[in-house]
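Presented below is the structure to which this report refers.
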Amino acid sequence: MPIKKRGTGLTAVADAWQLADIDVTASYPIRPYTAVMAEVAKRIANGLMKCEMVHGEGEHAQFSIAHGASMAGARATTGSSGVGVAYAFETYSPIAGGRCPIQALIADRTLDPPGDFGSEHTECLNLRDNGWIYGWAENAQESLDNSLMFFRIGEDPDIMLPQIVAMDGYFVSHIAQDYEMPDQEQVDKFLPPFKPQFRLDVNNPVIMGPQIEPEMGPPLEWDRNVVMDRVKEKIVAVTEEFGKIFGRKYAPFVEEYMTDDADMVFLLQGAHAVTCRSAIRYLRQAGYKVGMCRLRWFRPFPDTALKAILPKFKVVGVVDTNTSYGAAGGSGVLLVETRASVSEVPGKPLIQGFTSGLGGETITHEEFFKMAEMMKMTLEAGRIIQDAVWVNFNDYLPAVSEVQAAEQQVAQTKE
Amino acid sequence: MSKTYKQVPFAAIVPSPTVSNEHMVTGNWRYLRPVVDKGQCTQCKTCWIFCPDACVDFSKDEGVDFNLKYCKGCGVCSSVCPVGAISRVPELDFDE
Amino acid sequence: MATAEMIKTIAQAPDKEYYLPGHRTCAGCGPALAYRLIAKASGKNTIFVGPTGCMYVANTSYACGPWAVPWTHAQITNAGAVGSGIAEAFKMMIKKGKIKDEYPNIICMAGDGGSIDIGLQAASAMMYRGHDVLFVMYDNESYANTGIQTSPMTPYGAATMFTPPGPEIPEAKKFFPKDPMAIFCGGGHPAVKYGATASIAYPVDLMNKVRKGLAQEGPAFLHVQCPCPKGWTFPANRTVEIGRLAVETGMWFMYELEDGVKKWSILPKQLKPVEEYLQTQGRFAHLKPEHVAKLQAWVNARVQTLGLEVPLPPAR
């Protein structure tokens, strides 16, 4: 029987790893992800998990240890946050190119400087071009569920790619919430044992990762490119199967909230969706026809889904919780990817970039209201009024009455 | 005209060879060929143990033989031979 | 600890090759000879981890390789970490009954850069954590694959692409090399119970040290001097001769450290002057008498540090 639990995104992933019977995990302390390793260590010590935890001497080693374990045929995991994710950078492409489906948990964190513990998506987005598949969970339950789904997709013989279960540091990784830990039988039905076609086996020796001729490089990279299309197909099938077995139905790529009659939507990923939904309910009361699109995957980027969804709206406000200094549009990575997704689609909406929630700040109701108001101005103007909006820094709206009204309404509710 | 690429197996994972690596034949590097004087050879196997390319074959009946398909002609065998039984002969002196 | 089966003579060495003909290493390559002897000694039940370096690039060009046993690439930075992961994966999968394999010999074959320079952190951590892996440092005293640049093992006075001699720096390389045995086996890594130096010029000794290292439960370290015709600038046929000369002049010492106890594998009765060694290699051709004297003084000091009782050539 599934168990009702109270825990965090990190204990939830520890549950997933326990259910997936991982063989090797590689640790190194850095906040906030580190609590998952503390949790796994406890479970190993108590005999709940049969897994070797190797204490890496840094993140580069963590990912290398997991890589080695995976080549030997083990189900292996690791994880990190912030500058730790950056420190391991050399290893990402060899792991993905070697088609080793290890799983990493990244509870995201601001890169230095400043020394800031808070959530930001930047470090995890930095490795977007290395062939890993990943997406952000918005709460503990989705973290657990993503971990299981990602194993299933990544280890599929047609795929064989490493995965990142990404979550907003603290918001998801550390806030206690209710979730359900599935039953072992359900998991066994959903996730078969990891049996790679090739492993380091003295009875079937192979050479892994040799140098190649220049004429062999592009075909290998082509393979890594086309497999991403297969990942998209798998995501659809696996998400549906997950729903049938576990009873939790997720949108494969993009969750839509109150979009039916919306002419404006926020587009974002991760935990800020929780606040966003709540802000939308107030905005609806104040007469804004606004909704939300939450990305469940970042790689592969759900461009096909967005092509179908976004033309329904007139204005899309992309909320970037990351920095990409000097990027086209002057905002973050999501803006660039979203614009590129629909750039050739007839009837595409106006796509406005917002940077907000950096450095672990929550995006407050008030900030969502401001963004909604700016989107409304854009809608009415029928053009992008100002690109590169960093909320609270260069907002293009004057102090508008609607926003004040909305703020008052919030204040009253809080009383 | 479209370019032809070389096909590579999944993730460039290739089977290990069993006898020799046919994809890297190195005998054509050689300009001095090792030649053993079987009369002088004491079958001590010193040349065999020191060949970096595992190109000295040895059997009790045949004694020392060289794998000329791969031998690079480095001459280590000749230098380590304790009785000077291995000479290095220019490749151009041979018909084949 | 399992007992290693010792090889007494060249004739007793196993016939079977696991490092096969067909690789793009230079003619007379010292590291290639080391690879062959190590593979021969370790046998079929072996997995090699090959971090970037000559023995990756020259062996695996064109999507192939010369090993009859499993081999995997690692980054030049992380042989120790990848080896650790492989070791623990096998231990855990065997324990859980997920595979039927016998625990394999896991050998990291790292160059001097991949062991003691950019690879030092991973090597040290592997040895600290006690993984059952043999870490071999094949030492050709430079970054040779990239065209001969200085490494921490390049001797004082050697010319490399990054340390050319010139009027301002007449001796070329200015620093003296690191001492890997002291670093890995000098007490700083308590889990390492066996460490040894070896040379391709002494193949039976090398093969036995491989077997001892593998028989040791837990990590073992092997530092193998591998003369490099290209990098050291000498004719390809002299690889073995120069390896011997290194030992005869005290530019290389052959010993084991087993449970902290030093045992000499080769005890020279008298050391030849270091100049005899230097004369054989173009990388030292620019040295002036004062530089030679400095190297001789270094050798003489090493002899004292290592506690070797042998008459010394005078340091001029």
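Below, chains carry the letters A, B, ... as their sequence lines are ordered, and counting in each starts from 1.
- For chain C, the option among A:P193, A:A76, A:A74, A:G58 with the highest count of heavy-atom pairs below 4.5 Å is A:A74.
- Of the listed residues (A:P94, A:G56, A:G98, A:P205), the greatest number of heavy-atom pairs within a distance under 4.5 Å of chain C belongs to A:P205.
- Residue contact with chain A, scored on non-hydrogen atoms closer than 4.5 Å, involves the backbone and the side chain of C:V57 alike.
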Taking only distance into account, so ignoring hydrogens and angles, what donor-acceptor contacts under 3.5 Å exist between chain C and chain A?
{"unit_1": "C:K44", "atom_1": "NZ", "unit_2": "A:N203", "atom_2": "OD1", "d": "2.9"}
{"unit_1": "C:Y56", "atom_1": "OH", "unit_2": "A:G209", "atom_2": "O", "d": "3.4"}
{"unit_1": "C:T60", "atom_1": "O", "unit_2": "A:Q211", "atom_2": "N", "d": "3.3"}
{"unit_1": "C:T60", "atom_1": "OG1", "unit_2": "A:Q211", "atom_2": "N", "d": "2.9"}
{"unit_1": "C:A63", "atom_1": "N", "unit_2": "A:Q211", "atom_2": "O", "d": "2.6"}
{"unit_1": "C:W71", "atom_1": "N", "unit_2": "A:V206", "atom_2": "O", "d": "3.1"}
{"unit_1": "C:W71", "atom_1": "O", "unit_2": "A:M208", "atom_2": "N", "d": "2.9"}
{"unit_1": "C:H73", "atom_1": "N", "unit_2": "A:M208", "atom_2": "O", "d": "2.9"}
{"unit_1": "C:Q75", "atom_1": "NE2", "unit_2": "A:E90", "atom_2": "OE2", "d": "3.3"}
{"unit_1": "C:T77", "atom_1": "OG1", "unit_2": "A:H60", "atom_2": "NE2", "d": "3.3"}
{"unit_1": "C:T77", "atom_1": "OG1", "unit_2": "A:E90", "atom_2": "OE1", "d": "2.6"}
{"unit_1": "C:N78", "atom_1": "ND2", "unit_2": "A:S64", "atom_2": "OG", "d": "2.7"}
{"unit_1": "C:K96", "atom_1": "NZ", "unit_2": "A:D21", "atom_2": "O", "d": "3.4"}
{"unit_1": "C:K96", "atom_1": "NZ", "unit_2": "A:D21", "atom_2": "OD1", "d": "2.8"}
{"unit_1": "C:K96", "atom_1": "NZ", "unit_2": "A:I22", "atom_2": "O", "d": "3.0"}
{"unit_1": "C:K96", "atom_1": "NZ", "unit_2": "A:D23", "atom_2": "OD1", "d": "2.8"}
{"unit_1": "C:K96", "atom_1": "NZ", "unit_2": "A:K50", "atom_2": "O", "d": "2.7"}
{"unit_1": "C:K98", "atom_1": "NZ", "unit_2": "A:D21", "atom_2": "O", "d": "3.2"}
{"unit_1": "C:K98", "atom_1": "NZ", "unit_2": "A:D21", "atom_2": "OD2", "d": "3.3"}
{"unit_1": "C:K98", "atom_1": "NZ", "unit_2": "A:D23", "atom_2": "OD1", "d": "2.8"}
{"unit_1": "C:K98", "atom_1": "NZ", "unit_2": "A:D23", "atom_2": "OD2", "d": "3.3"}
{"unit_1": "C:D101", "atom_1": "OD1", "unit_2": "A:R199", "atom_2": "NH2", "d": "2.9"}
{"unit_1": "C:D101", "atom_1": "OD2", "unit_2": "A:R199", "atom_2": "NH1", "d": "3.0"}
{"unit_1": "C:D101", "atom_1": "OD2", "unit_2": "A:R199", "atom_2": "NH2", "d": "3.2"}
{"unit_1": "C:Q121", "atom_1": "NE2", "unit_2": "A:Y87", "atom_2": "OH", "d": "3.3"}
{"unit_1": "C:R129", "atom_1": "NH1", "unit_2": "A:H55", "atom_2": "O", "d": "2.9"}
{"unit_1": "C:R129", "atom_1": "NH1", "unit_2": "A:E57", "atom_2": "OE1", "d": "3.0"}

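- The heavy-atom pair separating C:P70 from A:L200 by the smallest distance is CB-CD2, 4.1 Å.
- Annotation: side chain of A:V202 is in contact with side chain of C:I47 (closest heavy-atom distance under 4.5 Å).
- Contact detail for C:A63 and A:P210: the closest heavy-atom pair is CA-CG, 3.9 Å.
- Neither the backbone nor the side chain of A:I95 comes within less than 4.5 Å of any heavy atom of chain C.
- For A:A66, no part sits under 4.5 Å from any heavy atom of chain C, backbone or side chain.
- Contacts between A:V24 and chain C at a heavy-atom distance below 4.5 Å involve the side chain alone, from C-beta outward.
- At a 4.5 Å heavy-atom cutoff, the contact between C:A68 and chain A is made by backbone atoms alone.
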